[in-house]
Visitor: 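One structure follows; several queries about it will come next.
Start at 1 and go down the list; that is how both ligands and their atoms are numbered. No hydrogens, no waters, no symmetry mates; every other heavy atom, side chains included, goes into these values.
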Amino acid sequence: MHLSPAPFEPFRFEGRELTLKRDDLIHPLFSGNKYRKLYALLQTPSEAIDTLVSYGGIQSNAMLSVAALCRLKGWRFEYTAKTAPRHLKADPQGNYKHALALGMAVHEVHPTEYDAAVAALKQRCAKQERSRLIAQGGADPAAEEGVRALAEEIRAWKEKRGIERLNVVTPSGTGTTAAYLARALPECRVVTVAAVGDPAYLQRQIEALMPLPPNLMILSTPYRFGSLDAALLQTYEKLKAAGVAFDLIYAPVMWLALMEAWDDLEGEVLYVHSGGVSGNETMLARYARRP
Ligand SMILES: *Cc1c(COP(=O)(O)O)cnc(C)c1O
């Protein structure tokens, strides 16, 4: 499956001029960096395997994209997660609901048994030839091919525009996207933020895949992953008012850190939209329920 390249668009935010790479427009289910990270698997012939196995959060964007991929390919999708909250099981919502509808089989384990269950999963998959394991969030060397294709689009755009110094900005969960982008674009600076955990955690995650790229800049943030915060919601709303819907978990954290670092960045700024808007339904419900 080949989808057409997403456009580069001028964007103005809080008086600053930059460019957006609209990877969120690629596909409603394979949006943003999940399309890039699953690109190699999207090109894999259906007959090559019969099951994809993964694990992670119960509302994960990666989970939904893998579910869509399996539906498309006719593969079984087995997903291990910590026990879902009772209200969610009684009335599935958001990415969880959509992934179930796409045929995902969920194995729920008690939080204290999660790490052991994931370790067992890895062992089991290593023995099964027709199963493939995708690490949490798609933090997998197989992601490189698709992210490199994104880097090529960025390079072609930069050269056509005659841009000398370019900062490529995108938020990180596992850091897979930002790190492979940095590796594929040594002539640019890649700027990211650790939306999950602290910068040291992000660094360790990246170092599990490759030596830390020297042109990768990790900005710090005071916000915790998935937290509800008035400043994050307000940033999402301002971005929407400026014309583009972003996700509520990663993007507001990245935009706040970017605005703070803006004056120290030399050259032009390209923000790569990382997709994930499908998760907003449940995040907005959480904001609405908040006392
Ligand atoms: C998954 C995701 C990320 C994080 O990507 P990594 O490659 O794991 O760093 C960022 N933004 C959105 C919207 C995502 O869904």
Visitor: Considering distance alone, does some N or O of Lys34 sit under 3.5 Å from an N or O of ligand 1?
Guide: yes
Visitor: Kindly confirm or rule out an N or O of Asp247 lying under 3.5 angstrom from an N or O of ligand 1.
Guide: no
Visitor: Which ligand 1 atoms are under 4.0 Å away from a heavy-atom of Gly175?
Guide: 6 (P), 8 (O), 9 (O)
Visitor: Of all the non-hydrogen atoms in the protein, which one sits nearest to atom 8 (O) of ligand 1, and at what distance?
Guide: Thr174 OG1, 2.5 Å
Visitor: Please say which of Arg22, His273, Lys21 ends up in a side-chain hydrogen bond (donor to acceptor under 3.5 Å, both in side chains) with Glu9.
Guide: Arg22
Visitor: Counting heavy atoms only, which part of Asn61 comes closer than 4.0 Å to ligand 1: side chain, backbone, both or neither?
Guide: side chain
Visitor: Thr177 heavy atoms, cut-off 4.0 Å: which ligand 1 atoms fall inside?
Guide: 5 (O), 6 (P), 7 (O)
Visitor: So which protein heavy atom does atom 11 (N) of ligand 1 come closest to, and at what separation?
Guide: Ser274 OG, 2.8 Å
Visitor: Can you confirm whether Arg224 is buried at CZ, in the sense that more than 12 heavy atoms of other residues, nucleotides or ligands lie under 6.0 Å from that atom?
Guide: no
Visitor: If I apply the N/O under 3.5 Å rule, does Gly173 come out as touching ligand 1?
Guide: yes
Visitor: Any side-chain heavy atom of Met254 sitting closer than 4.5 Å to one from Leu219?
Guide: yes
Visitor: For the residue pair Glu268 and Arg165, establish whether any side-chain heavy-atom pair is separated by less than 4.5 Å.
Guide: no
Visitor: Mark up the atoms of ligand 1 that fall under 4.0 Å of a heavy atom belonging to Lys37, in ascending order.
Guide: 5 (O), 6 (P), 7 (O), 8 (O)
Visitor: If I compare all heavy atoms of Ser274 with all of Pro171, which pair ends up nearest, and what's the gap?
Guide: OG-CG, 3.5 Å
Visitor: Pro171: heavy atom below 4.0 Å from ligand 1, yes or no?
Guide: yes
Visitor: Pick, from Ala62, Gly279, Gly275, the option with the minimum heavy-atom distance to atom 13 (C) of ligand 1.
Guide: Gly275
Visitor: Quick check: do Thr51 and Phe77 have side-chain heavy atoms less than 4.5 Å from each other?
Guide: no
Visitor: State, yes or no, whether a side-chain contact exists between Lys82 and Ile58 at a heavy-atom distance under 4.5 Å.
Guide: no
Visitor: Does a sphere of radius 6.0 Å around CZ in Arg290 hold more than 12 heavy atoms from other residues, nucleotides or ligands, not counting ones at 6.0 Å or beyond?
Guide: yes
Visitor: Tell me the nearest of Asn33, Val147, Leu202, Ile206 to atom 3 (C) of ligand 1, using heavy-atom distances.
Guide: Asn33
